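Proteins come first, then strands; the chains are lettered A, B, ... in the order of their sequence lines, and each starts at number 1. Since we're looking at a predicted model, the values are computed, not measured. Reckoned from all heavy atoms, side chains included, excluding hydrogens, waters and symmetry mates.
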There are 2 protein chains.
Amino acid sequence: MVCVNKDTRTRIVEAAMELFWLKGYGSTSIADILSRSQVNSGSLYYFFPGKQDVLVAVLEAYRDGIGPMLLEPAWSGVDDPVERVFALLASYRRALVETDCTYGCPIGSLALELHEPDPPVRELMAANFRAWVDAVEGCFAQARDRFPEETDLRALAELALNVMEGGVMQSRTFRDIGPFDRAVAQLRAHVDAISLRERAA
Amino acid sequence: MVCVNKDTRTRIVEAAMELFWLKGYGSTSIADILSRSQVNSGSLYYFFPGKQDVLVAVLEAYRDGIGPMLLEPAWSGVDDPVERVFALLASYRRALVETDCTYGCPIGSLALELHEPDPPVRELMAANFRAWVDAVEGCFAQARDRFPEETDLRALAELALNVMEGGVMQSRTFRDIGPFDRAVAQLRAHVDAISLRERAA
DNA sequence: GTCTATAAAAGGATAGAC
DNA sequence: GTCTATCCTTTTATAGAC
């Protein structure tokens with residue numbers, strides 16, 4: 001990806017996306033965004049009324065990028081729908097390991113950092129979670145016949161999100177990948193336990 | 001509890017505890033703490049070198065209060081050890097409902113808000129999670145004979161934490177208690193599924 | 001231990017030329 | 001669309017009397 005000649009707005013959003021992930025929203029200053037994106041104050045305020053509008057753009061970028069930036073890379077080479085769920089979780093594991101258990105899910109961090117988000121911000125965070133759960137539920141739905149009829153696939157997908165977010169939270173706090181791995185193992189055991197028969201090899 | 005004549009340090013810590021819960025650490029200013037605790041700047045800096053030291057005191061208070069302030073109220077009138085786990089989760093549900101799904105676990109929020117906490121802060125957040133998981137693991141251990149020998153009770157207790165924290169995160173974001181309830185229901189189903197026989201009525 | 005006043009810095013946002 | 005300079009507010013922290 002060529003990074004030098006992107007348009008200014010894109011550079012701002014990408015810089016903010018990374019900084020919010022690294023430091024959080026409140027701890028990222030406009031000056032941080034300006035210096036990382038190599039943009040001047042006037043240009044930022046030409047495109048965005050204020051800092052919160054940059055956040056909105058970042059959350060829109062995450063929402064729009066969930067397929068191409070998150071799911072497709074995680075699922076490349078993985079065909080089995082249930083394995084795709086665990087491949088997705090493995091991509092969060094990678095992020096944790098690569099950052100020495102410092103950074104996990106950017107949406108989750110923002111969701112707990114911002115205590116009284118304005119409606120557009122909250123709605124976009126919800127849209128991100130919804131899209132994630134939709135995708136995971138879709139995986140389980142493709143394997144519908146492996147689960148008992150009464151299994152609530154939506155609730156199962158939400159459990160996967162909880163396991164991921166909770167695992168990230170604990171691993172970050174303990175600076176240890178162990179809690180994340182045990183969380184995923186618990187989900188695996190649960191999915192196996194409710195599966196009707198073994199998957200085709 | 002008499003609140004007027006508590007000593008100054010205690011008033012500061014209690015005010016900060018509430019404010020960090022309501023607004024987060026970064027969004028709570030020293031001025032906020034001073035006005036809520038009715039203390040003057042000079043007094044706060046007499047007791048604490050800076051804002052982060054107030055946070056340390058708050059986290060110590062949570063850690064020391066987990067028994068008397070969290071577990072004992074949640075467990076009053078509940079004798080069955082496994083039901084105590086769900087009674088604890090119900091106390092988080094209460095916090096969510098009473099605040100219109102705005103506030104959940106203060107430790108979880110701090111854990112995701114603070115991206116690069118200084119060692120004493122991170123260690124205290126870890127100590128809080130550890131104490132929570134210890135308590136829940138203790139409940140499961142009291143019902144050891146209800147679970148297969150190979151069941152990892154520690155991992156099960158960690159799952160309970162993940163379910164709580166994930167459920168809080170989603171319910172807060174969607175401003176809807178549904179995700180939290182479904183998360184707890186999934187844990188209940190999992191615990192029931194691995195239980196060897198029905199509990200005594 | 002507590003009070004008031006204030007220093008010192010950071011941060012969000014704006015103005016106006018180009 | 002971009003640039004520099006700067007205003008204004010908030011915030012952390014300190015000084016020094018009492």
Side-chain angles (χ1 to χ4, degrees), chain A residues 2-59 61 109-110 113-121 124, chain B residues 2-59 61 109-110 113-118 120-121:
Chain A
V2 180
C3 289
V4 180
N5 279 336
K6 286 182 178 167
D7 65 49
T8 305
R9 205 196 115 101
T10 303
R11 290 216 312 284
I12 292 168
V13 172
E14 290 184 352
M17 196 172 331
E18 183 156 3
L19 286 165
F20 293 164
W21 179 60
L22 295 173
K23 313 176 42 165
Y25 176 73
S27 299
T28 297
S29 68
I30 298 280
D32 290 334
I33 298 172
L34 296 177
S35 85
R36 173 167 294 236
S37 59
Q38 298 287 14
V39 164
N40 296 303
S41 171
S43 296
L44 188 147
Y45 285 99
Y46 172 79
F47 289 105
F48 300 99
K51 186 181 175 186
Q52 179 175 288
D53 304 274
V54 178
L55 174 60
V56 164
V58 164
L59 289 169
S109 297
L110 288 169
E113 176 189 352
L114 305 171
H115 286 235
E116 274 156 351
D118 282 342
V121 171
L124 276 165
Chain B
V2 181
C3 289
V4 180
N5 278 336
K6 286 181 176 167
D7 65 49
T8 304
R9 205 196 116 102
T10 303
R11 290 215 313 283
I12 293 167
V13 173
E14 290 184 353
M17 196 173 331
E18 183 155 2
L19 286 165
F20 293 165
W21 179 60
L22 294 173
K23 314 176 41 167
Y25 175 72
S27 298
T28 297
S29 68
I30 298 279
D32 290 334
I33 298 172
L34 296 178
S35 85
R36 173 167 294 236
S37 59
Q38 297 286 13
V39 163
N40 295 302
S41 171
S43 295
L44 188 147
Y45 285 100
Y46 171 79
F47 289 105
F48 300 98
K51 187 182 173 185
Q52 178 176 289
D53 304 275
V54 178
L55 174 61
V56 165
V58 164
L59 289 169
S109 298
L110 289 169
E113 176 188 352
L114 305 171
H115 287 235
E116 274 158 351
D118 284 341
V121 170

query = Does any non-hydrogen side-chain atom of A/F48 lie less than 4.5 Å from one of A/V13?
reply = yes
query = A/K23 NZ to C/dG11 C1': how many Å, rounded?
reply = 12 Å
inquiry  = Between P on D/dA13 and CZ on B/F48, what's the gap in Å once rounded to a whole number?
reply    = 13 Å
query = Do B/N40 and B/S43 meet the criterion of a side-chain donor-acceptor pair at a distance under 3.5 Å?
reply = no
Spacing between B/I30 atom CD1 and C/dA10 atom P, to the nearest angstrom = 16 Å
key: Value in whole Å for how far the C1' atom of C/dG12 lies from CG of A/L55   = 15 Å
ask   = Can you check whether A/G26's main-chain N or O pairs, donor with acceptor, with A/E113's side chain at less than 3.5 Å?
value = yes
query = To the nearest Å, how far apart are A/Y45 OH and C/dA13 C1'?
reply = 5 Å
task = Would you verify whether the NZ or CZ of A/K51 falls within 45 degrees of the ring axis of A/Y25 while also being under 6.0 Å from that six-membered ring's centre?
result = yes
Look for any protein N or O under 3.5 Å of an N or O in nucleotides 2-5 of chain D and output each such pair with its distance, or none.
unit_1 : atom_1 : unit_2 : atom_2 : d
D/dT2  : OP1    : A/T8   : OG1    : 2.5
D/dT2  : OP2    : A/T8   : OG1    : 3.4
D/dC3  : OP2    : A/N40  : ND2    : 2.4
D/dC3  : O5'    : A/N40  : ND2    : 2.7
D/dT4  : OP2    : A/N40  : OD1    : 3.2

task = Keeping the roles fixed (side chain from B/R11, backbone from B/S37), state whether a donor-acceptor pair exists under 3.5 Å.
result = yes
message = Without decimals, in angstroms, what is the distance between B/K51 NZ and D/dT14 P?
response = 15 Å
Distance, rounded to the nearest Å, where A/I33 contributes CD1 and C/dG11 contributes C1' = 12 Å
query = To the nearest angstrom, how far is A/L44 atom CG from C/dA13 atom P?
reply = 9 Å
inquiry  = Whether the side chain of B/R9 engages the backbone of B/F47 through a donor-acceptor N/O pair (distance < 3.5 Å, no angle test) should be reported.
reply    = no
inquiry  = Considering every strand and a 4.0 Å limit on heavy-atom distances, what is the contact class for A/T28: base, sugar-phosphate, or nothing?
reply    = sugar-phosphate
